[in-house]
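Notes follow the structure.
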Amino acid sequence: MKQHSWGAWGSLLLIVGAWHLAASGQWIPFLPTPGKTLEVLWEEAQSGELWWHLGITLKRVLICFVIAMFTGSLIGVAMGRSERVNSTLDLWLVILLNVPALVTIILCYLSMGLVEAAALLAVILNKVPNVTVILREGARSFNPQFNALAISYRLSWADRFWHILLPQLAPYLAAAARSGLALIWKIVLVVELLGRSNGVGFQLHAYFQLFDVAGILAYSAAFIVVVQLIEWQILQPLERWSNRWKAVPA
């Protein structure tokens with residue numbers, strides 16, 4: 001674990017060093033130095049603008065993440081356990097998987113207007129199919145012997161869920177959560193850029209209009225750091241916990 005941490009810090013230093021050389025050496029004329037980007041980041045944090053817009057974006061990410069995970073999990077398990085449900089919904093699933101995110105966002109805004117509900121719905125519609133596919137495969141991989149064991153011991157539906165179904169689904173839930181976070185926050189930024197008046201995406205659009213690359217990089221860096229912390233502190237431990245039963249004692 002410690003070796004992995006040192007490798008991550010080494011990669012970060014390499015990126016920052018290459019960035020500094022490219023900016024200070026005028027290899028990329030419009031690229032600001034890391035120091036200038038940090039200066040803008042500090043100014044935005046001091047003014048409160050950074051925390052305001054970052055908080056709004058994270059709220060949207062959280063809402064969409066929870067709804068998409070819950071909905072996609074229910075549909076995925078139903079499709080994985082029932083061939084009739086799978087044959088009924090499979091075409092819709094393929095269509096949603098192949099419709100570009102930008103098209104979904106535009107259609108939601110056109111049909112509902114530039115409102116918060118349209119923004120959230122566009123993100124959820126883009127994420128639910130991915131969760132559904134992963135959980136469908138998880139439901140198909142259920143071990144029938146465990147189900148027979150539950151029947152023989154006459155376990156209640158609650159006990160079956162907590163002690164048999166959920167442990168088998170846990171790795172798939174963890175995988176869907178990790179991929180989901182990476183997808184959702186990117187789509188949220190596009191949604192904010194196209195039709196909202198706040199959030200990190202809106203700020204990126206404003207700085208783009210001003211051709212302020214330092215501002216764009218400052219907000220991008222702040223959001224990437226937050227998402228990476230969520231990955232390290234929540235999603236990776238969750239994935240390790242979900243796979244703990246696979247560990248074979250030495």
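None of the values given here were measured: they were computed from a predicted structure.
When every heavy atom of Val85 is checked against every heavy atom of Ala78, the shortest pair comes out as CB-O, 3.9 Å. Residues Leu135 and Ala176 approach most closely at CD2-CB, 4.0 Å, considering heavy atoms. The two atoms that bring Ala118 and Gly113 nearest to each other are CB-O, 3.4 Å, heavy atoms only. Across Val40 and Ala214, no two heavy atoms sit closer than the pair CG2-CB, 3.8 Å. Taking each heavy atom of Gly76 and Ala139 in turn, the nearest pair found is O-CB, 4.3 Å. Scanning both residues, Ser179 and Ile134, for their nearest heavy atoms gives OG-CD1, 3.8 Å.
A 4.5 Å side-chain heavy-atom check between Leu181 and Val61 finds at least one atom pair inside the cut-off. In this structure the side chain of Phe65 never reaches within 4.5 angstrom of the side chain of Val123, judged on heavy atoms. You'll find the side chain of Ile124 stays beyond 4.5 Å of the side chain of Thr71, heavy atoms only. Annotation: side chain of Arg60 is in contact with side chain of Leu120 (closest heavy-atom distance under 4.5 Å). A heavy-atom distance below 4.5 Å is found between the side chains of Leu38 and Leu41.
No path of Ile, Leu, Val, Met, Phe, Trp and Tyr side chains, each step under 4.5 Å between heavy atoms, connects Val131 with Val128, placing them in separate hydrophobic clusters. Transitive grouping of hydrophobic side chains (ILVMFWY, heavy atoms separated by less than 4.5 Å) brings Leu50 and Ile224 into a common cluster. Under the 4.5 Å side-chain heavy-atom criterion for ILVMFWY residues, a single connected hydrophobic cluster contains both Val188 and Trp51. Each of Val77 and Ile75 belongs to its own hydrophobic cluster when Ile, Leu, Val, Met, Phe, Trp and Tyr are linked at side-chain heavy-atom distances under 4.5 angstrom. Residues Val190 and Leu125 are members of separate hydrophobic clusters, defined by side-chain heavy-atom contacts under 4.5 angstrom among Ile, Leu, Val, Met, Phe, Trp and Tyr.
Atom-to-atom distance recorded for Met112:CE and Leu121:CG is 5.5 Å, nearest 0.5 angstrom. Taking CG from Leu210 and NE2 from His205, the interatomic distance works out to 10.0 Å, rounded to the nearest 0.5 Å. Rounding to the nearest 0.5 Å places OG1 of Thr57 at 7.5 Å from CG of Asn198. Note that the CZ atom of Arg140 and the CD atom of Glu137 stand 5.0 Å from one another [nearest 0.5 Å]. Taken from CG in Leu193 to CG in Leu189, the straight-line distance is 8.5 Å, to the nearest 0.5 Å. To the nearest 0.5 angstrom, Met69 atom CE is 10.0 Å from Thr132 atom OG1.
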Identify every side-chain donor-acceptor pair in residues 90-110 under 3.5 Å, counting partners at least two apart or on other chains, and give the distances.
unit_1 : atom_1 : unit_2 : atom_2 : d
Asp90  : OD1    : Arg136 : NH1    : 3.0
Asn98  : ND2    : Val94  : O      : 2.6
Thr104 : OG1    : Pro100 : O      : 3.4
Tyr109 : OH     : Val191 : O      : 2.9

Any chance you could lay out the side-chain contact (heavy atoms from CB on, under 4.5 Å) test for Leu31 and Leu217, step after step, and finish with the verdict?
-> CA-CA 9 Å; Leu31 184 67; Leu217 292 177; 3.9 Å; yes
Does the side-chain contact (heavy atoms from CB on, under 4.5 Å) test come out yes or no for Glu116 and Ile63, once each step is laid out?
-> CA-CA 12 Å; Glu116 187 73 9; Ile63 292 172; over 6 Å; no
Evaluate the criterion side-chain contact (heavy atoms from CB on, under 4.5 Å) for residue pair Gln203 and Glu192; output intermediate values, then yes/no.
-> CA-CA 9 Å; Gln203 286 296 92; Glu192 292 175 342; over 6 Å; no
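Not a single donor-acceptor pair under 3.5 Å links the side chain of Arg178 to the backbone N or O of Leu173. Ser82 places no side-chain N or O within 3.5 Å of a backbone atom of Met79 that could act as its donor or acceptor partner.
Legend: residues meeting side chain to side chain contact (heavy atoms under 4.5 Å, CB included) with Leu62, ordered by chain and number and at least two apart, are Val66. Qualifying ring pair (Phe, Tyr, Trp, His ring centres under 6.0 Å) partners for Tyr207, counting only residues two or more places apart in sequence or in other chains: Tyr219.
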